[in-house]
Structures are given as structure tokens and as C-alpha cells.
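Reviewing the structure listed below.
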Amino acid sequence: MKVVDDTHASFGPRGDQTSIRMCLMRGGTSRGPFFRGSDLPSDPEIRNRVLLSVMGSPHPLQVDGIGGGHSLTSKAGIVSCSPAPEVDLDFEFAQLQPDASTVQTTANCGNMLAAVVPFAVEAGLIVPDSDTTEVTVRTTNTGLIATITIQTPKLSADGPRTVSYDGCTTIDGVSGSSSPVSSMFVNTAGSIAPGLLPTGNRLDSLSLPNGDRIDATMIDNGQPLVLLRAHDLGLSGTEDPSELTADSALADTLEHLRLSSGHMMGLGDVTDKNYPKMTLLAHPAQGGAIATRSFIPHTVHRSIGVLAALTVATASCMAGTLAFSLANAGDGERRTLEIEHPSGTFPVDLQILDNRVCRSGLTRTARLIMDGQVFVPTSVWAPAPAEWSTHKESTQN
């Protein structure tokens, strides 16, 4: 495998708009545009304006952009060659919302992470040299490092190696089957919060709006979560997401708990953050390890995030947590926990040493949906003539 330095850009004027090269990718159960870092403005404020324009936010339907009117399809990825030793690619994840003018880059997204290496091959940042390509990726949002493996066969004896999207791997929440994308994580504890158990406890107590108390486990093993028993909120934990999303009283209660737990977890005021994720737990109903309903942070996830699933699985193996009391977590040093969610189950592979999760892995799928140019008004971004001139010279040589 060869990593190609990302030194040229693909952007420029087209009438009164700016064209930007991008690939629309599905990663796991999420979807969004992927860009090379050099194809976007270096100024974060201008870059965020570009991403908002690309997605069509703020608008509930995102009709003036390529967003899908849902937080799961209002995501973007930015990929560059990494200057860090022993890391091949840097990935910056951006979470947007259909009806908000915010661009958040402080959290991880394990689903979009699954599309990073396929995109890097498509964009020419990685040149495969074997049937499988293993790449070390750093998510710059939190410093999370993953080893990601994809299939890169030759379709003909003298042809180039390409990303294989065809395969027999299925994931709940996505129709059909595809080629597997394997991710392995280490050192995921405290991705945003100060430690695996940021309060220092496996079980805490939170105050409800009416003054009553409710048990919670606050944990971050790749994604900051507040784990709650669905039963304690008068729920079964198997409700359809639309039913939970429409429950305004529940939304108010969860937001009250989220804001207070944010301070307890050392995250400060999380009013404008998309973390911690409030996650309702129940005994498994589909033969898995535990049932979940995850809020992101206000809409119920149609499945569950990759790193949220990893964090739930971790808590399920830790005696004294709220999850442990509900889960069928099995035993042994190597376990696969099926985390139940509204669209099915999510398998998480764990390696446990000395009663501690030391390594975790999972398999997702990804697919290239579109490769081309996206346009934003020059009032949003008009690259300097010198930038465009340099780009034209590099592409003509």
C-alpha cells in the first residue's frame, strides 16, 4: 500500500458558484459527502459555511443541498494524509443538523469512519498493492485511532486494484449485502469525557424534573453515553423510534438529564453539543445481549452508532453498571455481544483482560454512491485567484 501526499486541490469557479470535488459515501448506517482536506478552505469558519451550504442547512428538508433531512444523513467527512508517525490518514468528522446552523467536530462517528479508507482509495490518497488493504486512521476530533481493513482486488489480471463493494456481509439498518469493512480499536476510553467512567462511579443518581431520582451509568469508551433503564421512565425499551421521538414529555425529561449529566461527566454545558447520547436500556428481546434505544441527541437513532454500541457492550461487561444488571454478556476473554437496536442487532467483538475491555472490533460496510462535484455560491466561498491558478497548473501538468 502506498499513501499519496495530498498536495493538490480540486476546486474552482464555475459562473457565480464554486465547484468542489467530493464523493457521496455511505458508511455503516450513515451517509454524507467526503472531501480531501486540500479541497476545502483551510479557515474553519469558511469551511463550516461551505459544509452548511453543501448540506442545505438549516432547512428541515435540506432541499437546497444534498442532506437527507435527518441527522444520520447530515454528516460529512474530511480526509487527509496524516503527518503523525505510524498513522496513514487523518479523518475529521463533521456532524450537521437539518434545522440548525451548527457544524460539530468534537465527537466521533464510527459509521462514517467505515467509509474513510474506501474514499481514500477512490480519491487517490491510498494506492492498494494487495487483495486486502489495512490502513491506520486517526479521527482528529478526539484522537481515536483505528486499524481499518477493506477488500481491494484486481478485477482483471492487468488492471488496477479497486475497492470491492460487492460481498455477502450484511448489517442491520442497511438493505442488501456488501464487502466487509473491519475496524479494530484500542485506547478508546475517555474519547471526549475525562476517562472511561468520568464520574469515577459505575452507578450514579440523577434528579428528574419532578425531583425524583433515577439511576444512571455515565461512560465513554469511544462515545460519551448516559445509560438509563427504560423501565425507570415508564417505557419498555422496545418502542418504535417514531413513537419515542414524538413523546415531547420524554424529550424534555431526557434533555434535563442530559444537561445535568454533562456537567457531572466533566463535559460542561452540552446544550449545543450532540453528546452525551442518552441511551435507554432493557433486557434483550431478540436473543441478543441487551436492548437499546439511542438518542442523537434528541432524535431516536433508527439503529445505533458504532461507538455507542461499543460503549454499551463495554458497560454490559462491567459488574456494577446499570447495563450489567440487564445484559446477557456471557463470559471469557473473547466475547461477541449482539447489541439490539430498532433495526436489528449490532455485533461487537471484545477482548477482556483482568476484567477490563482492552480491545474491541466490529464489521461494517460502506459504498460509493456518487463521485463528482458539488457547488456552493461564491458568496459562501470564492477561492483566491492564486489558489485556483496553482490548482490549474497542477492538474494540467
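Note: hydrogens, waters and symmetry copies are ignored here, and every other heavy atom, side chains too, is used. Since we're looking at a predicted model, the values are computed, not measured.
Residues Asp371 and Arg21 are in side-chain contact: their nearest non-hydrogen atoms beyond the backbone lie under 4.5 Å apart. Considering only heavy atoms from C-beta on, Val306 stays 4.5 Å or farther from Leu113 through its side chain. No side-chain heavy atom of Pro241 sits under 4.5 Å from any side-chain heavy atom of His301. Residues Thr345 and Ile339 are not in side-chain contact: their nearest non-hydrogen atoms beyond the backbone lie 4.5 Å or more apart. Side-chain contact between Glu338 and Glu340: absent, with no pair of heavy atoms (C-beta onward) separated by less than 4.5 Å. Side-chain contact between Phe35 and Val50 is absent, with no heavy atoms from C-beta onward closer than 4.5 Å. Ile145 is not listed as a side-chain neighbour of Val186, based on a closest heavy-atom distance of 4.5 Å or more. At a threshold of 4.5 Å between non-hydrogen side-chain atoms, the residues Asn141 and Thr106 do not count as touching.
In this structure, a donor-acceptor pair under 3.5 Å is absent between the side chains of Thr365 and Ser178.
Hydrophobic cluster membership is shared by Met55 and Met22, with clusters built from Ile, Leu, Val, Met, Phe, Trp and Tyr side chains linked at under 4.5 angstrom. Both Met370 and Val54 are members of a single hydrophobic cluster when ILVMFWY side chains are connected at heavy-atom separations under 4.5 Å. No single ILVMFWY cluster, assembled from side-chain heavy atoms under 4.5 Å apart, contains both Ile296 and Leu310. Both Leu203 and Val312 belong to a single network of hydrophobic side chains, linked directly or stepwise wherever heavy atoms of I, L, V, M, F, W or Y lie under 4.5 Å apart. Connection of Val137 to Val87 is not established within any shared hydrophobic cluster, with ILVMFWY side chains joined at heavy-atom distances below 4.5 Å, either directly or through further cluster members.
A donor-acceptor pair under 3.5 Å is formed between the side chain of Thr321 and the backbone N or O of Ala315. Formation of a donor-acceptor pair under 3.5 Å by the Gln223 side chain with backbone atoms of Gly305 is not found in this model. No donor-acceptor pair closer than 3.5 Å links the side chain of Ser53 to the backbone N or O of Arg49. Checking side-chain atoms of Ser191 against main-chain N and O of Gly222 turns up a donor-acceptor pair under 3.5 Å. Proximity of a side-chain donor or acceptor of Thr18 to a complementary backbone N or O of Trp381 within less than 3.5 Å is detected. Judged by distance alone, with hydrogens and angles left aside, the side-chain atoms of Asp99 form no donor-acceptor pair with the main-chain N or O of His59 at under 3.5 Å. Asp39 places a side-chain N or O within 3.5 Å of a backbone atom of Ser10 that can act as its donor or acceptor partner. A donor-acceptor pair is defined here as one N or O able to donate and one able to accept, closer than 3.5 Å; no such pair exists between the side chain of Glu134 and the backbone of Met1. Asp204 places no side-chain N or O within donor-acceptor distance of the main-chain N or O of Ala216, the cut-off being under 3.5 Å. At distances below 3.5 Å, not a single donor-acceptor pair connects side-chain atoms of Ser343 with backbone N or O atoms of Asp172.
For the atom pair CG (Asp88) and CZ (Arg138), the distance works out to 11.5 Å, reported to the nearest 0.5 Å. Separating the CD atom in Gln373 from the CZ atom in Phe11 is a distance of 12.5 Å, to the nearest 0.5 Å. Of the inter-residue distances, the one linking Tyr165 atom OH with Ile150 atom CD1 reads 7.0 Å to the nearest 0.5 angstrom. The distance from the CD1 atom of Ile78 to the CG atom of Leu51 is 5.5 Å, given to the nearest 0.5 Å. Taken to the nearest 0.5 Å, the OG1 atom of Thr139 stands 8.0 Å off from the CG atom of Leu307. Taking CG from Leu362 and OG from Ser183, the interatomic distance works out to 5.5 Å, rounded to the nearest 0.5 Å.
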Quiz prompt | Stepwise side-chain contact (heavy atoms from CB on, under 4.5 Å) check, Ser207 with Arg213 | solution = CA-CA 5 Å; Ser207 177; Arg213 309 294 296 185; 3.2 Å; yes
Practice problem: Dump the intermediate steps for side-chain contact (heavy atoms from CB on, under 4.5 Å) on Met112 and Met25, then the final yes or no. | Solution: CA-CA 8 Å; Met112 291 288 276; Met25 306 286 300; over 6 Å; no
Quiz item: What do the steps show when you test Ile148 against Phe91 for side-chain contact (heavy atoms from CB on, under 4.5 Å), and what is the final call?
Solution: CA-CA 12 Å; Ile148 301 175; Phe91 164 55; over 6 Å; no
Quiz item: So Thr140 and Asp90, side-chain hydrogen bond (donor to acceptor under 3.5 Å, both in side chains) or not? Walk me through it.
Solution: CA-CA 6 Å; Thr140 58; Asp90 278 348; over 6 Å; no
Quiz item: Under the side-chain contact (heavy atoms from CB on, under 4.5 Å) criterion, do Thr292 and Phe346 qualify, and how do the steps go?
Solution: CA-CA 10 Å; Thr292 65; Phe346 190 126; over 6 Å; no
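Residue Arg14 places its CZ atom among 12 or fewer non-hydrogen atoms of other residues, nucleotides or ligands, all under 6.0 Å distant. Counting heavy-atom neighbours within 6.0 Å of Asp129 CG, excluding the residue itself, gives a total above 12. Dense packing is recorded around NE2 of His298, with more than 12 heavy atoms of other residues, nucleotides or ligands lying under 6.0 Å away. When the shell of 6.0 Å around CG of Asp331 is examined, it contains 12 or fewer heavy atoms from other residues, nucleotides or ligands. The neighbour count for Asp240 CG, taken as heavy atoms of other residues, nucleotides or ligands under 6.0 Å away, is above 12.
In summary, of the residues considered (Leu196, Thr188, Leu350), a side chain to side chain contact (heavy atoms under 4.5 Å, CB included) with Val357 occurs for Leu350 alone.
Checked for salt-bridge contact, Asp349 and Arg359 miss the test: no charged N lies under 4.0 Å from a carboxylate O. Residues Arg161 and Asp131 are paired through a salt bridge, judged by an N-O separation under 4.0 Å between the basic side chain and the carboxylate. Ion pairing between Arg293 and Glu243 fails under the 4.0 Å rule for side-chain N and carboxylate O.
Not counting sequence neighbours, the partners of Pro209 by the side chain to side chain contact (heavy atoms under 4.5 Å, CB included) test are Thr253, His256.
The minimum heavy-atom distance between Ala107 and Asn274, with the atom names listed, is CB-OD1, 3.9 Å. Here the closest non-hydrogen pair linking Asp212 and Asn210 is N-OD1, 2.9 Å. Here the closest heavy-atom approach between residue Ala282 and residue Ser236 is recorded as CB-O, 3.3 Å. Nearest heavy-atom pair across Pro153 and Ser164 is CD-CB, 3.7 Å.
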Per-pair distances, 0.1 Å, donor-acceptor, side chain in residues 63-76, under 3.5 Å, sequence neighbours excluded:
from, atom 1, to, atom 2, distance (Å)
His70, ND1, Leu72, N, 3.0
Thr73, OG1, Gly68, N, 3.4
Thr73, OG1, His70, O, 3.2
Ser74, OG, Gln62, OE1, 3.2
Ser74, OG, Gln62, NE2, 3.1
Ser74, OG, His70, O, 2.8
Lys75, NZ, Ser30, OG, 2.9

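Aromatic ring orientation, Phe119 versus Phe34: tilted (interplanar angle from 30° to 60°).
Hydrophobic cluster of Met218: the remaining members, joined at side-chain heavy-atom separations below 4.5 Å, are Ile192, Leu206, Leu208, Ile214, Val226, Leu228, Leu233, Leu235, Leu244, Leu250, Leu254, Leu257, Leu259, Met264, Met265, Leu267, Val270, Tyr275, Met278, Leu280, Phe295, Val300, listed by chain and number.
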